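Computed from a predicted structure; not experimentally measured. Atoms within a ligand are numbered from 1 in the order they appear, just like the ligands themselves.
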Amino acid sequence: MSSSSPGGQTSGDRTPVPAGALPLEAILCTEKLRNRKPRQPDYAKENSAIVALARALADSPGTILQVLADTLLAVCQAESAGISLLTRDDGGKRFYWPAISGVWKPHIGGGTPRDFGPCGDVLDRNTPLLFTHVERRYTYFQPVEPPVEEALLVPFYVRGKAVGTIWAVAHSDARRFDAEDERLMRSLGTFASSAYQILESRDAIAESQEHLSRALAEANAATAKFRAVFEQTTVFAGVMTADGIILDANRLCLEVCGYRAEDVLGRPFWECGWWQSCPESQAKIRAATPLVAQGNSYREVLAYRWADGSERMVDFALDPIRDQNGQIIFLHPTGADVTDLMNAQEKNRQFAETLEEQVRVRTEEVEQQSMQLRELSRRLLKTQDDERRRLARELHDSAGQDLAAIQMNLDALLRDAVALSPEEQERISNSITVVAHCNSEIRTMSYLLHPPLLDELGLRSALSWYLEGFSERSGIKVDLQMPEDLPRMEENTETAIFRVVQQSLVNIHRHSGSHVARVSIECDAKRINLEICDEGKGMSPETLAGISSGACVVGVGMSGMRERVRGLGGEFEVRSSNEGTTILISLPVTTAS
Ligand SMILES: Nc1ncnc2c1ncn2[C@@H]1O[C@H](COP(=O)(O)OP(=O)(O)OP(=O)(O)O)[C@@H](O)[C@H]1O
Ligand SMILES: [Mg+2]
């Protein structure tokens, strides 16, 4: 006997009826079941078979179909018996044989086409059928040994739908099926139905178990991934309930800080070791927790402690975690230790503070030095002025008076010159001229050192006198504009203005190359403004920058002027281009008392 199925080569197409195949009615003999005298029912045997089946169903549902086939064989006293089920994977195009007992047992796994075979006929007619010599119509049975003498097939149903058949076969005329066999087969058909359903559920359970274990494996992989991130992240991370109970804390929170999981898990977050002895942080977190549970976020730099007692600083954040529906399911505390950063910042701050203090002290020193320097130069200028005034007076009062006396003596000598020769008279006359010239020079020198007009008649007269002499000596035409009624001012102010004009004109003569100059003075009740300008070549940008910044070291004229003006609380400015130079000063007016 071959182990291949009689109709195993079936396809989905409708099976053609082979030539010479008998019609179905020719192989059906169902009415014989009624005609034959039924054998006596053996209820005891039937009962014990059903009990055995029920036990098999409970104990090992995987073998139930084979037990059913064996039972069929036994109770129907058949030579072969088995179960045919409609295939499910192709939508029921064929029958396959999951269990066979008796001589056809090697055909387990074989089957027949749905639309051309005894099982299909039974389902089509929806009733038990008795066949004889099936190979006469279904020729694919012809090679199957031993051939079918009689075959009794009964359909069975699941949820009202026929899904298969159970069958018993007699291979010789020694065994004839009757109504009692049909009754037994129908009764066992309900078992076939239960067994089928159990197997169906088992398949479904196995399938969902497979799904479940696949989903579980995926979930486990995802959890492992997130766990790895959670554990290996470089920030403190935890999970807590909306009430603040710690559910999880990563390695950094525990190992690095010196705490154990059992010290913190299940406890209110703020009561854990991190916040012990940091009552302010503790209170803040306790107050923030209900707010975060309502959907807010909290972030602050807080003090916390390691288990060894050292106080640290953490940039702490507490945020709500929501599910897909937006419901808050957990709170998520995170943090980064910023102790080192803050220490470095503090060091920087202290360093900057020290530096600032040093700069402040140094600035004060420099300011003091420059004040001292200004005071020194003010005194120097004052001494210089006083000295000039003294020298001028000396020259005028001493040398001037002596020369005047010599001149008077020489005049007297010349008047009484009868005893003198003409040469002697000529010499005396020459001496008188020399003495007069000398006297005039000394007076000019004395006046230039300190014009007496400045003290006696004031700035206006002194400047007029000086400019006249300057023009004569230098050949530079100077235009003087000054109010007629320029009031007398304090001696220092008048001297300063006179000296600035004097210095500026000397500079114009020495450096500008200009043939003209203008001196203009304006005055109101509060200030006097002086402007001295020329039309010369101007000064180089470097010199101008040096003078403006006070760093000019070329000469002392400019710095002397500036110091004089500043010493009196005034302003000093120099403008220069290739069209000329202008000195501008402005002084507060203090009229002389
Ligand atoms: N009117 C001007 N025209 C062009 N250059 C000028 C004029 N006044 C001053 N300078 C430039 O400014 C420089 C500084 O003048 P400052 O009076 O300070 O010094 P000085 O005249 O060179 O020397 P000192 O006045 O000490 O005898 C001069 O050397 C000159 O280069
Ligand atoms: Mg000068």
Side-chain angles (χ1 to χ4, degrees), residues 370 373-389 391-392 444-451 454 459 462-463 465-482 492-522 528-568 570-587:
S370 93
L373 218 61
R374 235 176 268 142
E375 176 60 16
L376 195 68
S377 70
R378 196 188 61 75
R379 279 196 208 156
L380 262 173
L381 288 168
K382 175 92 174 62
T383 314
Q384 192 187 46
D385 286 344
D386 291 348
E387 190 56 20
R388 280 179 172 177
R389 190 176 280 135
L391 268 174
T444 305
M445 208 184 293
S446 154
Y447 284 9
L448 283 177
L449 275 168
H450 183 81
L454 189 58
L459 198 53
L463 279 178
W465 167 80
Y466 176 71
L467 293 190
E468 201 179 312
F470 173 78
S471 288
E472 255 174 45
R473 287 190 295 276
S474 65
I476 295 173
K477 192 174 168 313
V478 185
D479 175 28
L480 175 66
Q481 293 170 4
M482 186 166 42
N492 281 347
T493 313
E494 290 190 337
T495 308
I497 293 171
F498 184 83
R499 292 294 179 212
V500 168
V501 172
Q502 204 177 16
Q503 283 284 337
S504 302
L505 288 175
V506 171
N507 274 354
I508 290 171
H509 180 231
R510 282 176 60 193
H511 306 300
S512 75
S514 176
H515 298 296
V516 290
R518 184 170 56 79
V519 176
S520 84
I521 294 175
E522 284 175 355
I528 179 162
N529 300 321
L530 166 66
E531 197 176 307
I532 306 125
C533 53
D534 63 56
E535 294 177 10
K537 62 182 180 190
M539 51 183 77
S540 68
E542 297 77 41
T543 307
L544 181 63
I547 290 169
S548 300
S549 68
C552 178
V553 289
V554 181
V556 296
M558 288 288 185
S559 46
M561 283 190 256
R562 193 200 338 264
E563 286 314 315
R564 260 183 207 285
V565 172
R566 289 206 178 150
L568 294 171
E571 286 150 26
F572 175 86
E573 190 189 342
V574 180
R575 292 177 195 160
S576 189
S577 71
N578 55 9
E579 290 179 356
T581 301
T582 304
I583 309 290
L584 298 138
I585 71 163
S586 172
L587 285 168

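When every heavy atom of M539 is checked against every heavy atom of V574, the shortest pair comes out as CE-CG1, 4.0 Å. Among all heavy-atom pairs drawn from F498 and A462, the shortest one is CE1-O, 3.7 Å. S576 approaches G538 most closely through the heavy-atom pair OG-CA, 3.3 Å. Closest non-hydrogen pair, L505 versus Y466, comes out as CD1-CE2, 3.9 Å. Heavy-atom minimum distance, L568 versus T493: CD1-CA, 4.1 Å.
For the pair H511 and ligand 1, the shortest N or O to N or O distance falls below 3.5 Å. Residue M539 has no nitrogen or oxygen atom sitting less than 3.5 Å from a nitrogen or oxygen atom of ligand 1, judged on distance alone. In terms of polar-atom proximity, N507 is counted as a contact of ligand 1, with an N or O under 3.5 Å from an N or O of the ligand. Between D534 and ligand 1, a contact under 3.5 Å exists for at least one N or O pair.
Judged purely by atom type and a 3.5 angstrom limit, R518 has no side-chain atom pairing as donor or acceptor with the backbone of Q481.
Atoms of the protein (N, O or S only) found under 2.8 Å from the Mg ion (ligand 2) are N507 OD1.
Looking at residues two or more places apart in sequence or on another chain, you find a side chain to side chain donor-acceptor pair (under 3.5 Å) between S586 and R527, N529. For E387, the side chain to side chain donor-acceptor pair (under 3.5 Å) partners two or more places apart in sequence, or in a different chain, are R390.
Counting atoms of ligand 1 from 1 in the listed order, those under 4.0 Å from a heavy atom of M558 are 8 (N), 9 (C), 15 (O), 16 (P), 17 (O), 18 (O). Applying the 4.0 Å criterion to heavy atoms of T581 picks out, from ligand 1, the atoms 1 (N), 2 (C), 3 (N). Close contacts of ligand 1 with G538, meaning ligand atoms under 4.0 Å from a residue heavy atom, involve 4 (C).
In summary, R389 and D385 do not engage in a salt bridge, as defined by a charged side-chain N under 4.0 Å from a carboxylate O.
With K537, R510, H509 as candidates, the residue nearest to atom 24 (P) of ligand 1 on a non-hydrogen basis is R510.
Among pairs with a residue in residues 532-542, none fulfils salt bridge (charged side-chain N to carboxylate O under 4.0 Å, His left out), at least two apart in sequence or across chains.
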